[in-house]
Amino acid sequence: MARMKFLCDIERCIDCSGCVVACKEGNHIPVGVNRRRVITLNQGKPGEKSISVACMHCADAPCIAVCPVDAIYQRDDGIVLVSKKTCIGCGYCFMACPFGAPQFPAGQTFGARGAMDKCTFCAGGPEETFSAEERKLYGQNRIAEGKVPLCAAMCATKALMAGDADVVADVYRKRVFERGTGANAWGWDKAYKRE
Amino acid sequence: MAGKKKISIRKGASFSSRITLNPKLARRSFLKLSAATAALTGVSMTGRMTGTARAAKVKDPGKAYPGSKTVKTICSYCAVGCGIKAEVQNGVWVRQEVAQDHPVSRGGHCCKGASAIDMVTSEKRLTSPMKRVNGKWTKIGWDQAMGEISAKLTSIRDTDGPDALHLNGSAKVSTEMAYLQRKFAAFWGSNNVDHQARI
Amino acid sequence: MTNSLNDIRHTKSMIFIGSNAAEAHPVSMQHILHAKEVNNAPIIVVDPRFTKLAAKASEFVRIRPGSDCAFIMGLINEIIQKGWEDKEFIRTRVAGFAEMAEIATHYTPEEVENITGIPAAQTRKVAKILAMNRPTSLTWCMGGTQHHIGSSITRAFCILQLVLGNMGKSGGGTNIFRGHDNVQGATDMCVLSHTLPGYYGLSDGAWKHWCRVWDVDYEFIKGRFKEKKWMNAKGFTLARWYEGVLQEEKIEQYTPIKAMIQWGCGSNSNSQYDRVVKAYNKLDLFVIVDPFPTMAAATCTTDNVYLLPCSSQYETSGSVTSTSRQIQWRFKVVDPVGNCKDDYQIMAELVKRLGFADEFYKNIKETPEDITREINKGTLTIGYNGQTPERIKKHMENWHTFDIDTLQARGGPCDGDYYGMPWPCWTEEHPGTPILYDISKPVAEGGLPFRNRFGLEKTYDMSGRTENLLAADGVANPGSEVKGGYAEFKDVVPGTNWKTDLSQKTLQEAIRRGMAPFGNARARCVVWTFPDQVPVHREPLHSPRPDLIATYPTYEDQPNHFRVFTRFKSEQDPELAKKFPFVLTTGRMVEHMGGGAETRSNKYLAELQPDMYAEINPVTANNMGIREGDMIWIESPEGGKVRVKAFVTERVDGKTIFMPYHFGGMLKGKSLIGEYPAGHAPYVVGEPANVCTNYGYDIITQIQATKDGLCKVSRA
Amino acid sequence: MKKYTILLISTAFIATAVAAASTPQLMIGFGSEAPNTIWYGINTVFTGDWQQYGALFTSLQAGLFSRLFLLVLTLIPAVFLIHYILIGPKRFSHDGSDILFFPLVSRLIHWLAAISFSLLVITGLMVIFGRLLGGGSPLMAARIVHLVSALLFSGTAVCMFLIWLKDMLPMPHDILWLFIMGGYLSKKKKPVPAAKFNAGQKMWFWLATVGGGAMAYTGWYLYTFQATTDMLRIYAIIHNFLGAALVALFLTHLYMSLFAISGSLRSMISGYKPREEVEILHSRYHRL
């Protein structure tokens, strides 16, 4: 069984937000809800780095641990999903999450938090696959179609990778190896007086 | 101290029922996934891998949008020319699919291209010709619009000459249309025609 | 681009000047970063701003806006002084090198430091990186061109690549990343006031050629013009058409402009935008053809304005030329939405009502394929002949068969073709030319020498030296009948040359003989028809360095510059920098495009970038008491002013203010949302930066100088 | 009982304090800038310092809180059941004159508070034991009820605070009362040292008003999420521990009023207490 994982290569991420919009447009996410976000550090300075973060589909997902109603569950392939019909919008998963992944669209009453929404790895939800209900609640189910999540598929520089952990790791390992310690190793100019 | 604490997590035994809740999923989603992901994530993946992914797709087209057809087109934002596969069902563009096998973009998009479908689905699109009547925008028909415009153009041409018209063309139209814009200026009788590439 | 985006994968070093590919062309970064990672190719970014591209760079060079030419000439000088130039390439394929080198000696690293602010050591270091890591891919964008010496700057870039011998090589080349999706196609079709399609110019010969293509009588076209002299006179440009309406500067045309058709053009990319708005309101007829209401619709409040809703490019079909000169086909995805019409329908309707439809559509029955065929027939100069609609569509359908590294199809129906048949694609059998001026391949397989365009011999005014302009002996594409330089093809079909022979026999004959139809010549370092025969630095019209104006003055005023009086010398005022202490530069952000009519109407993109802002250095901001998010006024010497949010960031240095130019829908602090058709106003509005961009136009092309103006900042 | 409460509260504060003092563990990285510094920076932007409060919150919420509430809900009633069996309720004669103990306004306030507080406890417990109820829209509604009753209770709590503040100020004899556990451990009707309210009631009062204020404050942020993630975590921890304490005292209050002192429910409705009861349980009440 493949283990699904995301990996964002910060040497490649250029903060274009393609992943963010791909996710929103493909899954019809309401404005204000960010299943995926791009964060830039040291903006405007040498060492500026960007990274795209969504739900990481953790192995020991803290959100599953803290959910008081067991709305969050993990599939055999590691994808962590939420049942929006079970979720009560308490927000505990948000507090437990190290990545800020859970999002809460406004609910029906008093604008209270509605059911939690987060990255589904484009794997839909517990409702019937490809049903209108699944699409409405969770967006596309691309995993069932044998396709990769939209964000990674549409990544401009192939910084964001998604899929079988072994393959993702291989691709990344190869890149790290290729990069080596050449002119682009950040800080080497200063450290080793390289011209 | 707290950071080192091992978090105890309830393992998924009680959720196993949920995992297989969706029998369709369990049956066929994962088998071909590794091949597909290999092609889609890897930058250094070769055509061989892409081929595998496509083969997998043909064998298992999925039923997300039954009866849909795929139309290839090109993103209309910048000049990189990223490929787009548009999934069209019953004459409606239902989904922007990834052109993973496009030789330049390989499925990649920036945020603009990732929402290319919005150009068609946006509720902000103009849907009818309009003119200002006493300063207020008023909807008019095509016939009226084109009639009034061509009458005015003709009268300006007659009184002031063809060079009284300036045509700002566009780099956002097709090459054919750009050609027609330049040709239009020539047939109109003026060199007052220009487009964004000046700027 | 002389090469292609994918070809950057083969480069050994990259230099970007005035280009922010990470924001303006994000997907190209795929190939750029590939070269960086796999080839260990250093990325040198020369920019006034630490851009997102600079974040990926191995060397960031902060340059004063508008001084690019000095820096490049400095690099050229350093390379020549150290003997790193490609001597063989220069001997065989470059003309006017000695004259150029003579002028370049002025630009020592120390002088470059004085002009540009780049430390002399860094200039030396960059020169060494370029010399040691060949081939180099050189990229520039609007940051290199939108100056009053833009044409000089771009020529300096080309000369640098010639000196390094990087032209016509895989991994080298001058790779200008074009802006909009079809800028290349529209430029090739010359929606330009100074030339006919295919860069034929406006001479009588050009008109006669196109009349033959259009299958109309030359006299008919001549009759359409006021007088014959207007046929050969360059028209107004997009940069300054409004002067033709306002007539505040003297125009050289028998009538003011009274009507305007603005077709797919977000006008707020025009500098001096407040004057553009004034012109809109003075027009007798203003027609806007666009899928979204542009800012023009909101700013023109007279009853003379019409909005025609055209469909987007996904609701029609046609070809589109990418920055790599690849021609791709857009298949129609869906029918035009609502009551929209596609561009072709609107044009047909207009032409029919104006009464010249029979002549206009003489050979066009099937739209758009017949138009493509007409283009194939007439655009001989740049080899737009082999890209028939059938072939373009075939490439689209089989795009997966093209190799990512070479862009050549491996097997399949397009076997051997280069993706999109980058022009020149001389015949229907030609695979396209992936790399221009590459003499390592036969012409029939995509090779090409430099074009013979400017005669066979030249005596330079500067040195009195006479030089043969054809390539040296022994330098030609493999399989060429003539092993060395040769002139362009003429009289294969008597009375025509390769550019005007509509039977295309000349082209076929040339290819058959393994030769390029346009000859095999040298690339010029000296352009004797330009005011600056060799590129030299000239201070921006509004210079922050008044002390340099005496040494590097601008040009004389031009009385008839695209039909309008254009100030140069009289505009350059050394006192200006005292009142306007900051340099104003503009640029793109990744979330928006052009004038932003489309992207600001997209809720997700609007959400990502909801505010117009100006980047200001923390030191400057603190000195002025400006905090992040404060509203500030930015004023230009011409009186344009915008009220924007301050974005305090170290991206810009203490002397520079940066603004993105995509915003619109506000003018001088006032929102115009109410002026849009109800329900069609974009989600976000903001001040157009171009209200503030300064006066200044390139001496040759009249491109607006938006990157090196002056401004002052105050708290709002 | 009280020890337990104190223990709980102090545990909560100690836990957070310790967490605040500990520094995140950095791993060894390569290159001039450790990747960890980058990751650390990214995490700070996203969710604050997860290593400090996120892990703490997760480990508590993953099991401790629900167990704590389970303990409160089972242990306290069990203790009281034993008390009821062994010692039984206190009965006082209604022969003597009744003393007006609670005027109408304070009764009204009390009952408003009682209803809203009960709703708070019930809906709060519903969320805590949500997995037994299956989640979904009923619990979503419970969250709304929790909010509405919280707003109601906050109002009444302020009134209660103002009305009873004077009588609820701690007195030296409260220590005495605590030593003899209010006399509830014996069947004898011996006067216990208490004025209008005894030390137990004072504890309940202060926890319900001040603690209730803290609950309202933390709850408001948990509802609106208008705070940093780290603050939300701290608020959630406080809300849960304090909640457990309140539930514990709420149960005690219920037992006292419904079972331990017979007729006290009636006196809360009518406002009058039998003279004997006042003499014994509120021996230092000034109206005596």
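Within every chain, numbering begins at 1; the chains are lettered A, B, ... in the order of the sequence lines, protein sequences first and strands thereafter. Keep in mind that this is a model prediction, so the values were computed, not measured.
Neither the backbone nor the side chain of A/I14 comes within contact range of chain B, judged by heavy atoms closer than 4.5 Å.
Counting all heavy atoms, side chain and backbone alike, A/A156 lies closest to B/C110 at CB-N, 4.5 Å. Minimum heavy-atom separation, A/M154 to B/E97: CE-O, 4.4 Å. In terms of heavy atoms, A/R142 sits closest to B/V98 at NH2-CG2, 3.6 Å. Closest of all the heavy-atom pairs between B/C111 and A/C16 is SG-O, 3.1 Å.
Within a 6.0 Å sphere centred on NZ of B/K183, heavy atoms belonging to other residues, nucleotides or ligands number more than 12.
Annotation: the span from A/K24 atom NZ to B/D118 atom CG amounts to 12.5 Å, rounded to 0.5 Å. A distance of 7.5 Å separates OG in B/S105 from NZ in A/K158, rounded to the nearest 0.5 Å. Distance CD/B/Q100 to NZ/A/K147: 11.0 Å, rounded to 0.5 Å.
Of the charged side-chain nitrogens involved, at least one lies within less than 4.0 Å of a carboxylate oxygen, so that B/R95 and A/E145 count as a salt-bridged pair.
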